[in-house]
Amino acid sequence: MKPIGKHFHKELLAAGLAGLPFSWSDYGKINFDPKLPQDKRDAVMRVYELHDPDTDSTATYADRRREEYNRRGVTMEAIMEGVIEYLGNRPQKLQALMQIRDEVRTEIPKS
């Protein structure tokens, strides 16, 4: 049994299985209603087998990039400050932000 992460529900939604009569625990125990058909149980178990508790497999490209920018402290405010400083002939902050952008593009390529 493996743990179930916070994105398991999103994975079930994506598979069209949310709302069925079953429950789960954080440590990986899944309890099915006895009336739930076996094919639905098997489908839920396939989602569980593919589930990585540390990763959001439903995250979009934009979500993953936004998360990485946030992790690095790049906010809209920081971007605006960089542009203002650039326009004021102080390009260091904008150059640093552009370097982070390039690193994120390399780490999270558009698929």
Side-chain angles (χ1 to χ4, degrees):
M1 216 180 310
K2 65 181 173 182
I4 293 179
K6 64 182 180 177
H7 301 291
F8 187 59
H9 185 256
K10 284 172 61 177
E11 294 167 9
L12 292 167
L13 278 170
L17 300 168
L20 294 176
F22 68 95
S23 62
W24 65 87
S25 68
D26 292 343
Y27 58 86
K29 175 83 171 115
I30 298 177
N31 297 304
F32 294 103
D33 183 300
K35 296 176 186 169
L36 187 65
Q38 188 61 46
D39 64 322
K40 297 294 185 187
R41 293 175 188 225
D42 293 342
V44 169
M45 292 310 293
R46 278 193 298 276
V47 171
Y48 174 68
E49 288 167 11
L50 297 172
H51 175 66
D52 179 347
D54 299 319
T55 304
D56 181 359
S57 65
T58 64
T60 65
Y61 164 76
D63 291 337
R64 293 193 320 268
R65 283 234 173 139
R66 190 177 312 106
E67 196 173 292
E68 183 61 22
Y69 283 127
N70 288 338
R71 188 183 72 74
R72 293 173 182 234
V74 177
T75 63
M76 185 57 78
E77 182 179 329
I79 293 168
M80 292 305 297
E81 287 175 5
V83 170
I84 290 167
E85 287 187 15
Y86 178 76
L87 294 173
N89 207 20
R90 293 180 303 225
Q92 295 84 1
K93 183 174 250 179
L94 187 59
Q95 289 169 346
L97 290 168
M98 290 171 66
Q99 180 178 347
I100 290 171
R101 180 202 61 194
D102 293 341
E103 291 170 0
V104 170
R105 282 182 175 172
T106 300
E107 288 178 24
I108 304 172
K110 199 171 206 173
S111 42

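- Atom CE of residue Met80 and atom CG of residue Leu97 lie 12.0 Å apart, to the nearest 0.5 angstrom.
- Leu50 forms part of no hydrophobic cluster, judged by ILVMFWY side-chain heavy-atom separations under 4.5 Å.
- Residues passing the side chain to side chain contact (heavy atoms under 4.5 Å, CB included) test with Asp54, sequence neighbours excluded: Asp52.
- Listed by chain and residue number, Trp24, His51 satisfy the ring pair (Phe, Tyr, Trp, His ring centres under 6.0 Å) test with Phe8 (two or more places apart in sequence, or in another chain).
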Pair up each side-chain donor or acceptor in residues 30-41 with any protein partner under 3.5 Å, not counting sequence neighbours, and list the distances.
residue	atom	partner	partner atom	Å
Asp33	OD1	Lys35	N	2.7
Gln38	NE2	Asp42	OD1	2.8
Arg41	NE	Leu36	O	2.9
Arg41	NH2	Asp33	O	2.9
Arg41	NH2	Pro34	O	3.2

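- Considering all non-hydrogen atoms of both residues, Tyr48 and Gly28 come closest at OH-O, 3.7 Å.
- A search for salt bridge (charged side-chain N to carboxylate O under 4.0 Å, His left out) contacts involving Glu49 returns nothing, not counting sequence neighbours.
- In the hydrophobic cluster analysis, where Ile, Leu, Val, Met, Phe, Trp and Tyr join through side-chain heavy atoms closer than 4.5 angstrom, Val47 is grouped apart from Leu13.
- Every pair tested for salt bridge (Lys or Arg N to Asp or Glu O under 4.0 Å) that includes a residue from residues 17-30 fails, sequence neighbours excluded, so the list is empty.
- The shortest distance between side-chain heavy atoms of Pro3 and Tyr27 does not fall below 4.5 Å.
- With sequence neighbours excluded, no residue forms a side chain to side chain contact (heavy atoms under 4.5 Å, CB included) with Ala96.
- Between Arg72 and Glu107 there is a salt bridge, since a side-chain N of the basic residue sits under 4.0 Å from a carboxylate O of the acidic one.
- Heavy-atom minimum distance, Val104 versus Glu68: CG2-CG, 3.6 Å.
- Linking ILVMFWY side-chain heavy atoms closer than 4.5 Å, directly or via other members, places Met45 and Met1 in a single hydrophobic cluster.
- Screening Ile100, Ile79, Thr75 for a side-chain contact (heavy atoms from CB on, under 4.5 Å) involving Tyr69 leaves a single residue, Ile100.
- Shortest non-hydrogen contact noted between Val74 and Asn70 is O-OD1, 4.0 Å.
- Applying the side-chain hydrogen bond (donor to acceptor under 3.5 Å, both in side chains) definition to pairs two or more places apart or across chains, those involving residues 91-101 are Glu81-Lys93, Gln99-Glu103.
- When the side chain to side chain contact (heavy atoms under 4.5 Å, CB included) test is applied to Ile84, no partner is found at least two apart in sequence or on another chain.
- The shortest heavy-atom contact between His9 and Ala18 is NE2-CB, 4.0 Å.
- Evaluation of the side chain to side chain contact (heavy atoms under 4.5 Å, CB included) rule for Ala43 yields Leu17, Arg46 as partners, not counting sequence neighbours.
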